[in-house]
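First listed ligand is number 1; within each ligand, the first listed atom is number 1.
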Amino acid sequence: MRAFEATIAADERIEPRDWMPDEYRASLIRQIAQHAHSEIIGMQPEANWLTRAPSLRRKAILLAKVQDEAGHGLYLYGAAETLGVDREELLDKLHTGRQKYSSIFNYPTLTWADVGAIGWLVDGAAITNQVPLCRCSYGPYARAMVRICKEESFHQRQGYELLLALSRGTEAQHAMAQDAVNRWWWPSLMMFGPPDAESPHTARSMAWGIKRHTNDELRQRFVDICVPQAESLGLTLPDPDLRWNEERGRHDFGAIDWEEFRRVLRGRGPCNEQRLSRRRRAHEEGAWVREAAAAHAAKRAARAAATTTTPEATPAPQTTGARA
Ligand SMILES: [Fe+2]
Ligand SMILES: [Fe+2]
């Protein structure tokens with residue numbers, strides 16, 4: 001206990017073999033699992049446009065981005081496993097609705113411009129949330145976030161560049177970009193979670209160095225970043241109350257519809273059912289891949305064991321790949 005507290009106080013990292021309080025472990029598992037689930041569910045809205053990307057270049061970019069998100073899911077499930085949970089168990093909790101994913105992915109992607117709005121706003125909000133997590137007190141999570149953030153910044157830029165091309169295009173293209181921003185702006189602000197006063201885990205997560213800033217602080221930072229970017233895009237943000245506050249040195253913005261947030265979180269968003277049923281189906285259809293990977297890992301382990309003379313030197317079987 002003392003070693004744990006000293007490590008946290010010194011702003012150093014807790015590693016998998018270190019002692020940690022049960023609630024610290026449980027809190028991290030909950031957060032990392034929810035994060036991992038969001039990465040893989042988040043592949044769906046954009047994958048919807050892979051076959052309809054307007055050019056080969058756009059298709060290649062989008063393919064790379066969607067694959068990155070699968071990779072983020074893998075790093076994060078891996079990080080969660082270092083806390084002693086099983087990946088199958090986490091996926092089962094996702095599939096049965098016992099663990100959540102970010103409410104943002106329950107909104108539909110109606111036009112090609114949505115791919116741009118998601119990159120600019122959704123990946124942008126994700127970066128704002130995740131950059132401080134690179135300094136999270138749990139080592140494996142912090143290290144996974146370093147790599148994820150580098151890739152997220154590419155995602156944000158491709159979205160911005162896509163929207164810029166549309167905004168400077170024909171009148172119809174400009175209108176399509178504006179419409180996408182209008183629909184994605186408010187849900188993006190909800191990505192930072194409930195207001196601080198209603199956020200049950202914030203204080204403890206901050207004391208443990210899991211979280212570095214509150215939901216409202218991060219949301220404010222995101223708004224301040226987006227306003228000048230929207231201007232250079234030639235697009236407006238759909239908030240009549242949005243204005244610079246000289247005194248605070250930040251932007252004021254309008255009230256968020258938290259009722260909508262709770263509704264989507266409770267499973268009654270526009271796409272909740274579709275997202276979960278597609279995820280379950282993908283998991284079932286991938287069963288043969290998991291079986292093949294497990295058989296391959298077992299074969300390699302058996303071969304390695306046969307070539308090793310002393311039993312002490314036998315490497316542990318490589319089973320992690322089997323559970324992807
Ligand atoms: Fe991601
Ligand atoms: Fe991303």
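- The closest approach of E152 to the Fe ion (ligand 2), by N/O/S atoms, is made by OE1.
- The Fe ion (ligand 1) lies under 2.8 Å from an N, O or S atom belonging to H72.
- Note on D123: not counted as a metal contact of the Fe ion (ligand 1), no N/O/S atom lying under 2.8 Å.
- For the side-chain hydrogen bond (donor to acceptor under 3.5 Å, both in side chains) with H35, the lone residue among H37, E39, Q31 that qualifies is E39.
- The pair D224-R250 counts as a salt bridge, with a side-chain nitrogen and a carboxylate oxygen less than 4.0 angstrom apart.
- Taking the N/O/S atoms of H155 in turn, the shortest distance to the Fe ion (ligand 2) belongs to ND1.
- Closest N/O/S atom of E69 to the Fe ion (ligand 2): OE2.
- Between E259 and R262, at least one side-chain N (NZ, or NE/NH1/NH2) sits under 4.0 Å from a carboxylate O, which counts as a salt bridge.
- Ion pairing of R157 with D123 is absent here, as no side-chain N (NZ or NE/NH1/NH2) approaches a carboxylate O to less than 4.0 Å.
- E151 lies apart from the Fe ion (ligand 2) in this respect, since none of its N, O or S atoms is found at a distance under 2.8 Å.
- At least one N, O or S atom of E39 sits under 2.8 Å from the Fe ion (ligand 1).
- The pair R57-E161 counts as a salt bridge, with a side-chain nitrogen and a carboxylate oxygen less than 4.0 angstrom apart.
- Using cut-offs of 30° and 60° for the angle between ring planes, the F261 and W258 rings count as perpendicular.
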